[in-house]
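The residues of the chain are indexed from 1 along the displayed sequence. Being a predicted model, the structure only gives us computed values, none of them experimental.
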Amino acid sequence: MIAPLVGDIGYAAGLLGWGSDVLGYDTARSTDHGWGPRVVVLVDADEVERVRQAVEDGLPDEYDGYAVRFGWDAQAPGHHVTVATLGDWLRGQLGFDASQGIGIADWLVTPQQQILGVVAGRVYADDGRLAAAREALAWYPDQLWRWMLACQWSRIAQEEAFVQRTHEVGDELGSQVVAARLVRDLMRLALLQSRTYAPYTKWLGTAFTRLEHPDGLDTALADAVAAAAYADREKALVTAYELVARRHNALGITEELDPSPRPYFDRPAQVIGADRFVHACLATVTDEAVARCGLIGSIDQFADNTDVLSNPEAYRKFIDVYR
């Protein structure tokens with residue numbers, strides 16, 4: 001598309017950044033709002049303006065039946081062919097230029113949805129510049145991954161006994177809410193175990209489902225959310241706990257841990273004892289810089305505000321949390 005307009009230059013082009021189509025989750029419903037042709041074109045700095053002008057001059061009014069220039073809500077109509085250098089585009093998408101290296105704090109403050117905007121979309125052409133960045137961002141370094149697993153198990157450890165305790169005091173709604181929170185944390189744990197980035201809330205269940213679950217984890221979690229009675233809720237949760245514990249053991253990254261449910265001290269609640277998995281994972285974290293971060297987790301593990309997680313300028317402020 002670009003080369004005939006501006007000559008033989010090196011470039012990369014792909015469907016990147018925002019949108020359900022980048023993730024491969026779009027449906028016919030997606031076309032009713034902010035939908036149309038778009039692409040990111042990455043060129044050298046001295047070619048940016050020339051390519052932008054060529055795009056502006058050469059775009060048709062329609063492509064494949066869709067208006068090329070479109071808007072939505074407060075977004076004014078315009079074309080959505082972004083032309084930039086790789087570094088500038090990465091800074092806009094992530095808040096830093098990942099092609100120049102990725103530090104621990106960069107990994108930890110960058111939401112997984114933003115990383116997916118780089119690594120998940122289709123690439124139509126690449127002279128090598130984009131592939132290198134996508135490869136660098138493909139998954140967390142091993143030490144960070146182990147630490148994040150510990151942090152995710154920690155979230156479960158913090159609340160696993162509350163499903164019974166809230167029920168015990170007659171707070172059935174509270175018990176259901178805690179169970180739902182634990183289900184979400186178990187879904188995110190399963191994604192981490194599978195080395196799969198978690199998209200934002202709308203598509204979390206879709207990403208989890210696409211992992212496939214021959215062990216029945218998806219059914220156990222659905223039963224936990226649907227359960228009207230405490231006994232059924234706890235039964236479904238402890239089934240799910242045992243399944244993710246077995247998945248943990250299959251990773252082979254720690255000593256094997258007993259996956260059986262157990263009482264919560266001398267109380268009647270049945271739990272997995274998630275703190276055991278926290279300590280086992282932390283014991284394998286030998287990078288002192290990672291270990292010093294405590295158990296706060298990455299930004300996706302301690303924040304879920306959309307205005308933070310979708311705005312690099314906002315979430316980059318959290319770098320100080322890790323210092």
Side-chain angles (χ1 to χ4, degrees), residues 16-23 25 30 33-34 40 72-75 80 82 84 87-121 133-134 136-141 144-145 147-156 158-159 177-178 180-192 195-208 289-290 292-323:
L16 307 170
W18 54 273
S20 55
D21 44 354
V22 170
L23 302 177
Y25 299 153
S30 305
H33 186 78
V40 174
W72 63 92
D73 299 336
Q75 178 72 43
H80 296 273
T82 298
D88 284 347
W89 184 79
L90 287 171
R91 280 186 285 271
Q93 174 68 22
L94 303 175
F96 71 102
D97 182 358
S99 69
Q100 300 301 307
I102 311 172
I104 291 174
D106 296 323
W107 281 114
L108 294 180
V109 301
T110 307
Q112 294 181 31
Q113 172 65 39
Q114 297 300 108
I115 299 175
L116 281 168
V118 181
V119 303
R134 283 163 66 105
L137 290 162
W139 189 244
Y140 296 104
L144 274 179
W145 174 57
W147 175 81
M148 290 174 66
L149 284 168
C151 294
Q152 195 64 25
W153 279 111
S154 180
R155 287 182 58 90
I156 295 166
Q158 290 163 1
E159 298 191 1
V177 169
V178 174
R181 283 173 56 87
L182 285 163
V183 165
R184 184 175 70 166
D185 279 335
L186 288 163
M187 290 167 64
R188 295 184 72 93
L189 176 59
L191 286 161
L192 273 175
R195 297 177 175 86
T196 301
Y197 288 124
Y200 74 112
T201 304
K202 179 166 66 173
W203 300 117
L204 179 63
T206 300
F208 172 78
V290 176
R292 281 198 300 268
C293 293
L295 283 171
I296 189 173
S298 68
I299 194 165
D300 291 294
Q301 293 174 302
F302 72 76
D304 65 359
N305 182 283
T306 300
D307 289 336
V308 171
L309 298 181
S310 62
N311 181 357
E313 185 177 345
Y315 62 68
R316 292 291 292 183
K317 294 177 181 177
F318 284 87
I319 284 179
D320 287 344
V321 169
Y322 301 103
R323 291 176 176 164

I need the minimum non-hydrogen distance between [X] and [Y], along with the two atoms involved.
X      : Y      : value
Ile299 : Tyr315 : CD1-CB, 3.4 Å
Gly294 : Trp147 : O-NE1, 2.6 Å
Ile115 : Thr110 : CG1-CG2, 3.8 Å
Tyr322 : Gly297 : OH-O, 2.6 Å
Cys293 : Ala289 : SG-O, 3.6 Å
Pro199 : Leu23  : CB-CD1, 4.0 Å

Between atom [atom1] of [X] and atom [atom2] of [Y], what is the distance when rounded to the nearest 0.5 Å?
X      : Y      : atom1 : atom2 : value
Ser20  : Tyr25  : OG    : OH    : 10.5 Å
Leu192 : Ser298 : CG    : OG    : 7.5 Å
Ile102 : Trp107 : CD1   : CH2   : 4.0 Å
Glu159 : Ser154 : CD    : OG    : 10.5 Å
Arg155 : Gln301 : CZ    : CD    : 7.5 Å
Gln158 : Leu295 : CD    : CG    : 8.0 Å

Residues in ring-ring contact (aromatic ring centres under 6.0 Å, His included) contact with Phe318, at least two apart in sequence or another chain: Phe302
With sequence neighbours excluded, residues passing ring-ring contact (aromatic ring centres under 6.0 Å, His included) with Tyr197: Trp139, Tyr140
Pairs meeting criterion side chain to side chain donor-acceptor pair (under 3.5 Å) with involvement of residues 87-106, two or more places apart: Thr85-Asp88, Asp88-Arg91, Asp97-Ser99, Asp106-Arg316
Check the pair Asp304, Thr201 against side-chain contact (heavy atoms from CB on, under 4.5 Å), reporting the backbone distance first and the verdict last. CA-CA 9 Å; Asp304 65 359; Thr201 304; 5.9 Å; no
For [X], which residues count as a salt bridge (Lys or Arg N to Asp or Glu O under 4.0 Å) partner, sequence neighbours excluded?
X      : result
Arg292 : none
Asp307 : none
Arg134 : none

Trp153 (side chain) donor-acceptor with Leu189 (main chain) under 3.5 angstrom: no
Would you find a donor on one side and an acceptor on the other, under 3.5 Å apart, between the side chain of Gln113 and the backbone of Ser310?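 No, because the side chain of Gln113 does not come within donor-acceptor range (under 3.5 Å) of the backbone of Ser310.
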Would you call the rings of Trp18 and His80 parallel, tilted or perpendicular, taking 30° and 60° as the class edges?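 Geometry flag for His80 against Trp18: perpendicular rings.
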Are there over 12 heavy-atom neighbours, none belonging to Arg188, within less than 6.0 Å of that residue's CZ?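 Buried by this count: over 12 neighbours within 6.0 Å.
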For Glu313, is the CD atom crowded, meaning more than 12 foreign heavy atoms sit under 6.0 Å from it? no
Using a 4.5 Å cut-off on heavy atoms from C-beta on, say whether the side chain of Leu16 contacts that of Val22.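 Answer no - side chains too far apart.
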